[in-house]
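Lettering follows sequence order; numbering is per chain, from 1.
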2 protein chains.
Amino acid sequence: MIEVMTTTSAGPDQLDLALAMGAKALAHPMRVRILRLLLARTECVCGGLVDELPLAQATVSQHLKVLKAAGLVRGEVDGPRTRYCADRDAIARLQGLLGALGQ
Amino acid sequence: MIEVMTTTSAGPDQLDLALAMGAKALAHPMRVRILRLLLARTECVCGGLVDELPLAQATVSQHLKVLKAAGLVRGEVDGPRTRYCADRDAIARLQGLLGALGQ
DNA sequence: ATCGTCCATCGTCAATCGACGATGAAGTGT
DNA sequence: ACACTTCATCGTCGATTGACGATGGACGAT
């Protein structure tokens, strides 16, 4: 029998993409921890984070890169060090995306 | 100089773990799409989802398994088919975890 | 100019993910 | 018993992730 394609068979839309992107950034416990550290302002400098975490410096830098790529964290160079801080607006937007799931 | 370990150097705690788990389940756009389809009650049966998505049946089943493992979706066997539905309480808990990030 | 510090990046490796076809288990209908 | 449907699982493959040591670039101090 010939099957007629009645449905759109559509993939995820832009909002799904955005939520998935943000979720992916939070999909690792250590990144959640790092984001909470930044939100608590306990530490903003990469070296300080390395001291507080059981990870090598390169690994922390990688996680920060992921969080920054997702827009959840901003980083400004301050002399030889880099000062990171959580982007509360971006976090709020992500919360909004998740909250909008239930319409 | 002898460095004294003053900080706890602690990894993520239980809440970080839980949030990361949920986020990981949503870390793929197609899973977000599927969860929204289930929330909208457009389709609850796996075959129906396959019809609405540009994915093979095995792939949809895999994504459903991930969502179910994360507790965001429940599935009950109904004769030869399986009826899936979104767990709104679990989703609300995840929203709460994300919302609690900003304290 | 030469250190030493701080950080990003590179290269590598094992592990995991995402997608699929193929197979099989469980149920329904004849 | 047999065929058919529906779905989960297996096995495979390429791609991505997460972790690390090593390297190098940028800056501050001597």
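Atom CD in B:Glu76 sits roughly 13 Å away from atom P in D:dC7 (whole-Å rounding). Here the P atom of nucleotide D:dC7 and the CG atom of B:Leu67 are 16 Å apart, to the nearest Å. Here D:dC7 presents its P atom at 13 Å from CG of B:Leu53, a figure rounded to the nearest Å. Put simply, OH on B:Tyr84 is 11 Å from C1' on D:dT6, counting in whole angstrom units. Whole-Å rounding puts the B:Leu49 CG to D:dT6 P distance at 13 Å. Spacing between atom CZ of A:Arg81 and atom P of D:dA29 amounts to 10 Å, rounded to whole angstrom units. The CG atom of B:Asp78 sits 18 Å away from the P atom of D:dT5 (whole-angstrom rounding).
Residue-level contact check: A:Thr82 touches the backbone only, with heavy atoms under 4.0 Å from sugar-phosphate atoms and none from bases. No contact: A:Leu64 has no heavy atom under 4.0 Å from any strand. B:Ala56 comes within contact range of the sugar-phosphate backbone alone, with a heavy-atom separation under 4.0 Å but no base atom that close. When heavy atoms are screened at a 4.0 angstrom cut-off, A:Val45 is found touching the sugar-phosphate backbone but no base atom. Counting non-hydrogen atoms under 4.0 angstrom, A:Lys68 reaches nothing in the nucleic acid. Using a 4.0 Å heavy-atom cutoff across all strands shown, B:Arg31 reaches sugar-phosphate atoms only and no base atom.
Along DNA chain D, the nucleotide closest to B:Gly48 and the one closest to B:Gln62 are compared, and the more 5′ of them pairs with B:Gly48. Position along DNA chain D of the nearest nucleotide to A:Met30 versus A:Pro80 favours A:Met30 as the more 5'-ward residue.
Residue A:Thr59 places at least one side-chain N or O under 4.0 Å from the OP1 or OP2 atom of D:dC20. For B:Lys24, no side-chain nitrogen or oxygen approaches OP1 or OP2 of D:dT17 to under 4.0 Å.
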If you look only at distance, which donor and acceptor atoms sit under 3.5 Å apart when one is on a side chain in residues 72-82 of chain A and the other is two or more places apart or in another chain?
| from | atom 1 | to | atom 2 | distance (Å) |
| --- | --- | --- | --- | --- |
| A:Arg74 | NE | A:Asp87 | OD2 | 3.3 |
| A:Asp78 | OD2 | A:Arg83 | NH2 | 3.2 |

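A:Gln57 places no side-chain N or O within donor-acceptor distance of the main-chain N or O of A:Gly47, the cut-off being under 3.5 Å. Looking only at distances, no side-chain donor or acceptor of B:Arg36 sits under 3.5 Å from a matching main-chain atom of A:Pro12. Side-chain N or O atoms of B:Arg88 include one that pairs as donor or acceptor with a backbone N or O of B:Leu39 at under 3.5 Å.
Pairing each heavy atom of A:Ala70 with each of A:Ala25, the nearest pair is CB-CB, 3.4 Å. In plain terms, the two heavy atoms of B:Leu38 and B:Tyr84 that are nearest each other are CD2-O, 3.8 Å.
Annotation for B:Met21: atom CE does not count as buried by contact number, only 12 or fewer foreign heavy atoms lying within 6.0 Å.
Interface limits on DNA chain C: the 5'-most and 3'-most nucleotides within less than 4.0 Å of chain A heavy atoms are C:dC6 to C:dT9.
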